[in-house]
Amino acid sequence: MKLAARLGEITPSLTLAVDTKAKAMKREGIDVISFSVGEPDFETPAHIKAAAKTALEQGKTRYGPVAGEPGLREAIANKLQSDNQLCYASENVIVTNGGKHSLYNLMMVLLDPGDEVVIPAPYWVSYPEMVKLAGGVPVVVSTTIDSGFKISPDQLRQAITPNTKLFILNSPSNPTGMVYTPEEIRALAEVVVEKEIWVVSDEIYEKILYDGAEHLSIGAVSPEAYDRTIISSGFAKTYAMTGWRVGFLAAPLPIIKAASMIQGHSTSNVCTFSQYGAIAAYESSQDCVKEMVQAFADRRQLMLEYLHSIPEITCPKPNGAFYMFPNISKTGMKSLDFSNTLLEKYQVATVPGIAFGADDCVRLSYATHSDNIHKGMARFVEFVQSLV
Ligand SMILES: *Cc1c(COP(=O)(O)O)cnc(C)c1O
């Protein structure tokens, strides 16, 4: 069968092979410990579920406005003002089927064939593929463990060409867990303004911070930076709502109007009653977030203790999200081999770093119970010791 040429550009997911194997092993009754999932293990808080149930009972079951329920767009605009010092009207917000869909919409809206998009590596798996699907060209800039996996202003400046349209910034980061400091954000904003490119700030982990780390939205740096910023975020990670599929873009009006047009001909509105859950998430107490972040903080400490007990493994202390990104190069293995062997011999699932553009690392998620961390990390330590 001849499928569309654009599919030829897409890299098949390397993570899928390990993941499929882990699931098959679980089905066979094998005791697999999984550090590979990219979602909170908590239930969605009860008050959020209750709001969606009420919406269902009130008949919020029909088509709604393509760009989102007015109450949710307003709640998002209010949140961006109070939490992030970003002044958007509700017309500047579009509700999307998750943060992934918001980024996909943005690529469709912004990119012409040949437009370049600067993506610091390690990157979230979907960024380069989305850019390619929209006809753009990903320009990957590698960062190292020594720079804390952060792109420097000079690296950004050097990656920019006359064809550069967009820079993708993700802080806190998936997969590394690193968080840019406010000073670093300001320095990157200067380059964005100077070079007159767009920046999309993927802020999906902004509330999951540790050790006093601070999140500054690049759009809040200056009026000039604000004019070049698009915010992409969602409810999945902060409120344990991955399956609800609610995210959003906030941006200058022409971008939101264009994204609404694309959405109007593709997905239409996000599930109506899900949106009522999202309103409750923003407009109710944030204690549930505090509790989940505290649990993540304890698990982070636990996982780090195991990793730091292995001399051959280097792992910077992440101060955001719920991932660790240890360097495994001293084991002499590449990431895919490492993840596969660890799964086969010790029944621990991880994601090979090659999926994120970093073949000497693996990603471990600590969004799982501490009992699993004890059990899985003891096996991880044993595995590494068997190699060196
Ligand atoms: C999880 C995630 C998203 C979006 O997830 P949705 O479930 O689509 O809201 C976006 N960016 C990063 C970096 C993520 O890890």
Side-chain angles (χ1 to χ4, degrees), residues 13 15 19 35-42 44 48 68 72 76 79 93-108 117 119-131 133 138 140 143 149-151 166-180 199-209 215 217-218 230-251 259 263 266-267 270-271 274-275 277-278 281-282 289 292-293 296 318-325 351 353 355-358 363-367:
S13 176
T15 62
D19 194 55
F35 296 136
S36 59
V37 282
E39 63 179 334
D41 57 324
F42 302 112
T44 304
I48 299 175
L72 179 54
I76 292 167
K79 178 263 173 212
V93 174
I94 180 173
V95 181
T96 59
N97 288 287
K100 186 179 272 185
H101 183 221
S102 68
L103 291 162
Y104 185 75
N105 271 342
L106 179 68
M107 301 311 163
M108 296 301 282
V117 179
I119 305 175
Y123 46 72
W124 186 44
V125 276
S126 296
Y127 295 148
E129 308 312 313
M130 286 178 178
V131 168
L133 277 169
V140 172
T143 68
F149 294 119
K150 294 172 184 177
I151 188 172
L166 178 68
F167 164 46
I168 303 182
L169 180 64
N170 174 218
S171 175
S173 153
N174 177 3
T176 66
M178 66 80 193
V179 182
Y180 286 87
V199 57
V200 59
S201 185
D202 181 350
E203 307 192 347
I204 196 116
Y205 294 102
E206 66 164 327
K207 296 292 177 195
I208 307 178
L209 297 169
H215 169 78
S217 178
I218 192 163
I230 298 121
I231 305 292
S232 174
S233 194
F235 296 80
K237 310 294 163 56
T238 309
Y239 299 97
M241 290 172 69
T242 44
W244 293 60
R245 311 312 302 138
V246 192
F248 61 87
L249 282 180
Q263 212 158 275
S266 51
T267 58
V270 171
C271 170
S274 272
Q275 295 188 60
Y282 272 175
V289 178
M292 290 189 272
V293 172
F296 288 140
N319 48 5
F322 38 68
Y323 308 105
M324 305 258 165
F325 207 56
V351 182
F356 312 99
R363 192 192 73 177
L364 308 179
S365 161
Y366 49 91

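Whatever order the structure lists ligands and atoms in, that order sets their numbers, starting from 1.
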Relative to the heavy atoms of [X], which atoms of ligand 1 are at a distance of less than 4.0 Å?
{"X": "Tyr127", "answer": "13 (C)"}
{"X": "Lys237", "answer": "1 (C), 2 (C), 3 (C), 5 (O), 14 (C), 15 (O)"}
{"X": "Gly98", "answer": "8 (O), 9 (O)"}
{"X": "Ala236", "answer": "7 (O), 9 (O)"}
{"X": "Arg245", "answer": "6 (P), 7 (O), 8 (O)"}

Exercise for review: Apply the side-chain hydrogen bond (donor to acceptor under 3.5 Å, both in side chains) test between Glu203 and each candidate in Ser171, Ser233, Ser217; give the one that qualifies.
Suggested key: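 Among Ser171, Ser233, Ser217, the one that satisfies the side-chain hydrogen bond (donor to acceptor under 3.5 Å, both in side chains) with Glu203 is Ser217.
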
Check your understanding: Under 30°, 30 to 60°, or over 60°: which ring-plane class applies to Phe235 and Tyr239, parallel, tilted or perpendicular?
Key ->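 Phe235 vs Tyr239 ring planes: tilted.
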
Heavy-atom pair of closest approach, residues [X] and [Y]:
{"X": "Ile204", "Y": "Thr238", "value": "O-OG1, 3.8 Å"}
{"X": "Gly99", "Y": "Ser232", "value": "O-OG, 3.7 Å"}
{"X": "Ala278", "Y": "Leu72", "value": "CB-CD1, 3.8 Å"}

Review point. Given that the side chain starts at C-beta and the backbone is N, CA, C, O, which of these parts of Asn170 lies under 4.0 Å from ligand 1, counting heavy atoms, or is it both or neither?
Key: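 The answer is the side chain of Asn170.
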
Answer yes or no: does an N/O atom from [X] fall short of 3.5 Å to an N/O atom of ligand 1?
{"X": "Asn174", "answer": "yes"}
{"X": "Tyr205", "answer": "yes"}
{"X": "Asp202", "answer": "yes"}
{"X": "Gly99", "answer": "yes"}
{"X": "Lys100", "answer": "yes"}
{"X": "His101", "answer": "no"}

Review point. Does NZ belonging to Lys79 count more than 12 external heavy atoms closer than 6.0 Å?
Key: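 Correct, the count exceeds 12.
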
Exercise for review: Start with the C-alpha distance between Val117 and Tyr127, add both sets of side-chain angles, then the distance that settles side chain to side chain contact (heavy atoms under 4.5 Å, CB included), and finish with yes or no.
Suggested key: CA-CA 9 Å; Val117 179; Tyr127 295 148; over 6 Å; no

Check your understanding: Ring centroid separation for Phe149 and Phe356, is it under 6.0 angstrom?
Key ->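 Here the rings of Phe356 and Phe149 have centres that are no less than 6.0 Å from each other.
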
